[in-house]
Amino acid sequence: MSPPHSRTAFRPCIDLHSGQVKQIVGGSLNDKDESQLKTNFVSSEPPSYYANLYRKHNLTGAHVIKLGPGNDDAAKECLRTWPDGLQVGGGITLDNAQFWIDAGAAKVIVTSYLFPGAKFSLERLQAISEAVGKDRLVVDVSCRKRGAEWIVAMDKWQTMTDMKVNQESLDILAKYCSEFLVHAADVEGLCKGIDEDLVKVLGEWTNIPTTYAGGANALGDLELVDSLSGGKVDLTYGSALDVFGGKTVKFDDCVAWNKADAHAQAK
């Protein structure tokens, strides 16, 4: 389990699409029409490069997300590079969750499996939590905003479910998992700023480790998320990060932010 910390931490990612590390505009993923896909970055490095980079800097809690088919070998490559150091999500079900734990995942991340027919199944959540253990399970409550509310979206954010993201729903989910991952799908990959309202309410509603991803485009977003969430929500950078071809955020600066917090706690 990730160690407790007093302020927002940088949590890295490895997004896999067709076996390669990519950064994709979240809302453009569409199984039915590949032509809609908008890609910000395709890495010339193998997936293991990023796993090794995160291991070198002890960036625990990094998530490896398989966006569609053809990514299992790439995900296994990451896990072999840093056994028990990475979380894996994308297509996780009761049938394969333990496989990924055995393959070296520190935790498995689940969304779509919990929503058969786009309707939340408490029974499925209970079953997968019992199978791998609460401490090994992350629930991805990635969402889209509809009016003044956020609705959980599944199937690579293409399908809206019947679950609203609020205090009640997060309390139910938190009984069976040890962490939340929240992709703000409407701003994912756009590098136009975070969903500040969502980050603020996540800080109010969550009582377990929570990582937000979507729209971060400046190093100062770490401080912004820290302020908005009271230090309860961590932040992932994607397309803005230099290791993913970005121009506005340096990976080394994010590492330094985490180290400064660790140093402060050690005093």
Side-chain angles (χ1 to χ4, degrees), residues 11-54 59 61-82 85-93 96-97 99-100 103-105 107-113 115 138 140-144 152-160 181-192 211-217 235-247 249 251:
R11 300 279 290 269
C13 66
I14 303 174
D15 292 347
L16 301 171
H17 184 262
S18 300
Q20 294 177 285
V21 177
K22 298 183 182 181
Q23 283 295 309
I24 289 169
V25 177
S28 74
L29 281 161
N30 191 316
D31 287 339
K32 299 181 182 69
D33 187 0
E34 282 281 328
S35 67
Q36 291 187 25
L37 186 70
K38 295 177 183 174
T39 303
N40 288 334
F41 172 78
V42 180
S43 180
S44 59
E45 300 285 355
S48 58
Y49 168 84
Y50 294 93
N52 191 55
L53 181 66
Y54 302 160
L59 294 170
H63 48 274
V64 179
I65 304 296
K66 300 183 288 140
L67 297 169
N71 294 305
D72 284 0
D73 288 344
K76 291 174 193 173
E77 178 185 318
C78 293
L79 299 180
R80 285 194 299 270
T81 304
W82 193 7
L86 302 165
Q87 304 173 359
V88 173
I92 300 298
T93 68
N96 64 25
F99 168 84
W100 287 105
K107 301 185 183 187
V108 288
I109 305 166
V110 64
T111 308
S112 297
Y113 174 74
F115 295 91
V138 179
D140 185 336
V141 284
S142 295
C143 54
R144 289 179 175 275
V152 176
M154 56 181 265
D155 290 337
K156 298 186 287 298
W157 313 313
Q158 297 172 54
T159 304
M160 306 300 288
L181 174 62
V182 183
H183 288 93
D186 293 322
V187 297
E188 174 79 11
L190 297 179
C191 293
K192 292 182 178 177
T211 298
Y212 168 91
N217 62 0
L235 178 64
T236 292
Y237 289 96
S239 299
L241 205 58
D242 58 356
V243 294
F244 296 129
K247 308 291 187 199
V249 183
F251 175 81

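Throughout, residue positions are numbered sequentially from 1 according to the sequence presented.
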Less than 4.5 Å apart, side chain to side chain, heavy atoms only: is that true for [X] and [Y]?
X: V21; Y: E45; result: no
X: W100; Y: D72; result: yes
X: K192; Y: V187; result: no
X: L181; Y: I65; result: yes
X: K22; Y: D15; result: no

Using atom types as modelled and distance alone, determine if a side-chain donor or acceptor of [X] lies under 3.5 Å from a backbone N or O of [Y].
X: S48; Y: T81; result: no
X: N71; Y: S18; result: yes
X: N217; Y: A240; result: no
X: Y54; Y: C13; result: yes

Original post:
Looking at the rings of Y50 and F244, which for Trp means the six-membered one, are their centres under 6.0 Å apart?
Top reply: yes
Original post:
Once you round to the nearest 0.5 Å, how far does CG of L53 lie from CG of L59?
Top reply: 7.5 Å
Subject >> Between CZ on residue R11 and CD on residue Q87, distance to nearest 0.5 Å >> reply: 5.5 Å
